[in-house]
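So the structure is just underneath, and the comments pick up after that.
None of these values were measured; they are calculated from a predicted model. In this chain, numbering begins with 1 at the start of the sequence shown. Atoms within each ligand, like the ligands themselves, are counted from 1 in listed order.
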Amino acid sequence: MSSSLIIAIDGPAASGKGTLARRVARALGFAHLDTGSLYRAVGVLVLRADKDPADPVAAAQVARALKPDSAILDDPDLRTDEAAQAASKVAVVPEVRAALLDFQRSFAFTPPGGAPGAVLDGRDVGTVVCPDANAKLFVTASVEVRAQRRLKELQERGIPAIPSDVLEDMKARDARDSQRAIAPLVPADDAYLLDTSAMNADEAFTAAIAFIGSKTGVHGA
Ligand code: C5P
């Protein structure tokens, strides 16, 4: 058991959960873990080893060797769409998920820097990693809105992208994440559903902080 507060923020790709999680963590003085970066790191390392991310043996071997303080977790290559697709392929492998579980739980139970709590964002934080989290949010938006956001982000980074391809990639990743047998993307029964389709980042933040405050009594600065 843990005495620190745990906030779980799950949701599909480009739902805004990462931005929201970082902002909530800053406002509450909590540590933040983007759990997707762990799966992206495994995907990128498998590709760099010239292996197929869908190969369960190669993916599990990389996941077991991943160190929490590894420099790969801050590598800009993690942010590419290739990394995202590879991540969603290694993420269906049960041995990969098991290997990454301990790190996520110890971060949540003993947040680094002595922080009084932790915010973890991902796909299965509220359902599998921390089912006893103090507050759970499931952030979503329509697939069209999420594809538009991803397109804008790619354009801002100067990466050429075809709108119909971005939408198709988003749908493919949604399908892989939602239909996998282990830890699929589903809201926890007790999660607060936050549909950001018609919200900006400030509105999503205000709603999230109000919900977290009602569950934990912590309202932040
Ligand atoms: O959140 P992000 O887009 O960085 O996640 C990349 C991929 O990693 C997701 O599409 C998903 O397949 C996988 N993932 C997961 N469980 C998590 C976080 C991410 O399966 N908790």
Using the rule that Ile, Leu, Val, Met, Phe, Trp and Tyr join whenever any side-chain heavy atoms are under 4.5 Å apart, tell me whether Val44 and Val92 fall into a single cluster. yes
With the threshold set at 4.0 Å, does a side-chain nitrogen-carboxylate oxygen contact exist between Arg123 and Asp10?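 Asp10 and Arg123: not salt-bridged.
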Side chain, backbone, both or neither: the part of Lys17 lying under 4.0 Å from ligand 1 by heavy atom: side chain
Which segment of Ala13 sits under 4.0 Å of ligand 1 when only heavy atoms are counted: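 The answer is neither; Ala13 stays 4.0 Å or more away.
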Given Asp10, Leu38, Asp124, identify the one with the heavy atom nearest to atom 21 (N) of ligand 1. Asp124
From atom 17 (C) of ligand 1, work out which of Arg150, Arg123, Arg173 has a heavy atom at the shortest distance. Arg123
For ligand 1, is Lys89 a contact, meaning one of its heavy atoms is under 4.0 Å away? no
heavy-atom search around atom 12 (O) of ligand 1 in the protein gives Asp177 OD1, 2.6 Å
Tell me the protein heavy atom at minimum distance from atom 16 (N) of ligand 1, and give that distance in Å.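 It is Arg97 NH2, 3.0 Å.
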Mind checking salt bridge (Lys or Arg N to Asp or Glu O under 4.0 Å) for Glu95 and listing every partner two or more places apart, or none if nothing turns up? none
Nitrogen or oxygen of Arg79 less than 3.5 angstrom from that of ligand 1: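 Min N/O separation from ligand 1 is not below 3.5 Å for Arg79.
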Any N/O pair Gln104/ligand 1 closer than 3.5 Å: no
With respect to Phe30, which candidate in Val119, Ile212, Ile6 satisfies the side-chain contact (heavy atoms from CB on, under 4.5 Å) definition?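 Running side-chain contact (heavy atoms from CB on, under 4.5 Å) over Val119, Ile212, Ile6 with Phe30 returns exactly one hit, Val119.
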Please check if the side chain of Arg180 supplies one atom and the backbone of Ile182 the other of a donor-acceptor pair under 3.5 Å. yes
Pair listing, side chain to side chain donor-acceptor pair (under 3.5 Å) test, anchored in residues 76-90, at least two apart: Asp34-Arg79, Arg48-Asp77, Gln85-Arg176, Ser88-Arg176
